[in-house]
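Below: the structure, in structure tokens.
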Amino acid sequence: MRYKGNILEVTGLNLSISNGSGVPARILKDLSFNIRSGEILGLIGNSGSGKTITSLTIAGLLSEVATVDSGEILLDGEDLLKKTPQERRRLLGEKIGIIFQDPSSALDPLQTVGSNLNEVLSIRSDVVNKEERRERILNMLKTVGFDDPDEIYGRYPHRLSGGQRQRVLIAGAALMNPALLIADEPTSSLDTVTAMSIMQLLHEMCQEMGISILFISHNLDAVHDFCDRVVVMKEGTVIDSDTSWDIMGQPKSSYTAELLTNSRLDTRTLGIKPGFASEDAETVLTVSGLSASYGKGRILRKRTPPIISGIDMEIKEGECVGLIGSSGCGKTTLVKTLLGLIPASSGTVSSSRKLAAVFQDPVSSLNPAHSIRWHLKEALRCSGKPLRKEEELPAFKKVLNDVGLDEIHLSRFPHQLSGGQRQKVSIAMCLIAEPSVIIADEPFSALDSSSQASIIKTLSDINHERGTAMLIVTHNLRVVRAMCSKLIVMDSGRIVESGLTETILNDPKTEATRALIEADLYGV
Amino acid sequence: MNLARISKRYLIMGMTLLGIVLAFFLIGLIWTPYGINDTDAAAKLLAPCADHLFGTDNMGRDVFSRCLAAARYTLLVSFAGVAVALVLGTVAGLAAGYFGGITDKIIMILSNSVMCFPGILLALVAVAVFGPSLYNVIWALGLVFAPTFARVYRSGTIELMTRDFILQSKVMKVPPVRLMYVHILPNLMAQILPAVITGLANMTLFESGMSYLGLGVQPPAASYGKMLSDAQSYMTVAPWLIIFPTLILVFYILGLYFISEWVRTSVRGGSQ
């Protein structure tokens, strides 16, 4: 039944966004691609390449600042751009379904799953009977993998897990039996195992119901396993398009090849190597018997069970140590305790110099009200070694250069930088203070693969060239293998294994480590 | 109609109305056609005419001149009152949000205690105790309005405290006062601006109400509230005594409302 013809044809699409002042910026440039009936098309590219704006244009959900300058979008032969907003709104749901990235905000929290889905079905004129609606919804809930659809029907969204909510949203989209389903990073906010099951579900729906899927993702492994064809976007235009097998095996453009290299974290090509401490290196961070818990208030502090306990560790100059563990094992609490953000209930942390940190979320890692120059100045001021005015600029230039940015970024504000660039500014702020250890708490997880590779390279270079010790907290074992000479594994608030990275990963001694390695192997 | 166009209309309407009041204020500072307390026994309760644009009151004083002069008190009380409230509210709100715990509890109990009484009542009590004068009105209104700003600052600060850049600043050992005023405060401008504009409008209404009751700006100085209070006995025979001061108050408050709508829609547009 597959590939009868094109369900969607985008031809010569040009789109601009006005930022209120000056000339509108061209976001999509002569974009052309097609999706065949019953096909899963993967759309990949770095952040800012125009993937999401493409999906929003097809769905007719663009904001007022965006204007389509030329081109056509044919859905089943009808040009969507010639339709009125009312007609397009009707098509959304009937012919085009959408699943967004964050399932937590897409369901009405005051209505049960059943009412949420009834709302979807109420716009279909052919299902008027209440009983029939319920029947259809229950069937669909069963199709998307709920064993007890009756129970789920009456539940409120807050009583569902992230994966279950995403399933409900898929059920909502599938109820309308759309010709095209747009899935914009549907699994990026889910854990590995749940993400895998959601992708299998989408694949089955495509097979059984003949729905075509436009699958947008940063995860190239997932695209490879899941999609029939792949379109690679760069700066708003298509630069490569082929079957997923050919794209992944024999990329035609250098940009696609680079994407693949970055995604696979090819250490030889990127020039990353693990940071070892030299023989005579001094210890820069010593932690002994550290325990911490979250108390309530300063005066009426309640005794709560410790989140982390009995933590002993040592980091030497020039060493890069990885810290892994499942979600909720106490990694972030340990980091916050080391940094002094949570008071330790017992034990000591001693370091030769200040500690510095790079946090996870690039969006909130910099102060939106101030420029990059201010951020560096503030870091310099807090380091206790303020420079004379004429010495500041050369110092800022050097540190920006070290992290792969340049002077023009000084006058920029955080919202004018990409996620990767913001993380680099955070690293530059750490470097200015010349810390003994940089503690990086999942600094790559919110970035696309190219930015990830670039940040990993930056940290690795700093580790080797400046001899700055690092503690990298991550879920990604590829990163650990590439960067860290030593590894610490945490489980239930304790260190369960520590030693050389290769030894631990090749011969795990504990169940917790084995589970982490297994999840990584099946990782999507 | 799109958001940008609606937003622009609010701005134009707001600026026009505020422009009229501002013109009254500026002209009143340098020139009035008659002395504001000059009486003319031969021209009592005159209807608007070429000599007296807004007519005259029961003592033969020129209403136009008094309206020009009253604008300065309205603007002074509203701006100075909001400034007092803003300073107190900023200090209290930032401290409550930043330190949390017992500090937050004490500040919030105090501010809730103030907010659970009608504002005008508290202001009246304060002025009755300390005596009716322009400065006491400003202080009293500032104190009454401070909790509104403190709440906005507190909730904004609590929200920002979880952001990574604040954690980063704490790791860098930025002192708490600098963290509050240099790191947090500039990020709360978008939230506080509409509150300030609404505060200006409310402050004007309160000041007029207090003057109307005789506890605000004291005679012989002119204020819109006092003018309305004096005019109520002549409402049927000389409606202009009510109409013109009321119109200026309405222009000022409506102008502020349109500007606050413009700020709100612009922020919404910006976030989109």
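Below, chain A is the first sequence line, B the second, and so on; all start at residue 1. Every value quoted in this text rests on a predicted model; they were computed, and no experiment measured them. Reckoned from all heavy atoms, side chains included, excluding hydrogens, waters and symmetry mates.
A 6.0 Å sphere centred on CH2 of A:Trp374 holds more than 12 heavy atoms belonging to other residues, nucleotides or ligands. Around atom OH of B:Tyr181, more than 12 heavy atoms belonging to other residues, nucleotides or ligands sit under 6.0 Å away. By the 6.0 Å contact criterion, CE on B:Met115 is enclosed, its count of non-hydrogen atoms from other residues, nucleotides or ligands being greater than 12. Within 6.0 Å of CD in B:Glu159 there are 12 or fewer heavy atoms belonging to other residues, nucleotides or ligands.
Residues of residues 428-443 of chain A that come within less than 4.5 angstrom of chain B, heavy atom to heavy atom, are A:Met429 in numerical order.
To the nearest 0.5 angstrom, A:Gln360 atom CD is 12.0 Å from B:Leu167 atom CG. Taken from CD1 in B:Ile166 to CG in A:Asn367, the straight-line distance is 6.5 Å, to the nearest 0.5 Å. The CD atom of B:Gln168 sits 10.5 Å away from the OG atom of A:Ser364 when rounded to the nearest 0.5 Å.
B:Phe165 is not listed as a side-chain neighbour of A:Pro414, based on a closest heavy-atom distance of 4.5 Å or more. Taking the side chain as every heavy atom from C-beta outward, B:Arg178 and A:Arg381 approach each other to under 4.5 Å. Looking only at side-chain heavy atoms (C-beta outward), A:Phe359 and B:Val171 come within less than 4.5 Å of each other.
For the set B:Lys105, B:Arg163, B:Lys173, B:His183, the entry with the most heavy-atom pairs within less than 4.5 Å of chain A is B:His183. Each of A:Gly384, A:Ala379, A:Pro368 has some count of heavy-atom pairs under 4.5 Å with chain B, and the biggest count is that of A:Pro368.
Counting only distance, with no hydrogens or angles, the side chain of A:His370 and the backbone of B:Val182 share a donor-acceptor pair below 3.5 Å.
The heavy-atom pair separating B:Val174 from A:Cys382 by the smallest distance is CG2-SG, 3.4 Å.
Interface remark: A:Leu339 contributes backbone and side-chain atoms alike to the contact with chain B (heavy atom separation under 4.5 Å).
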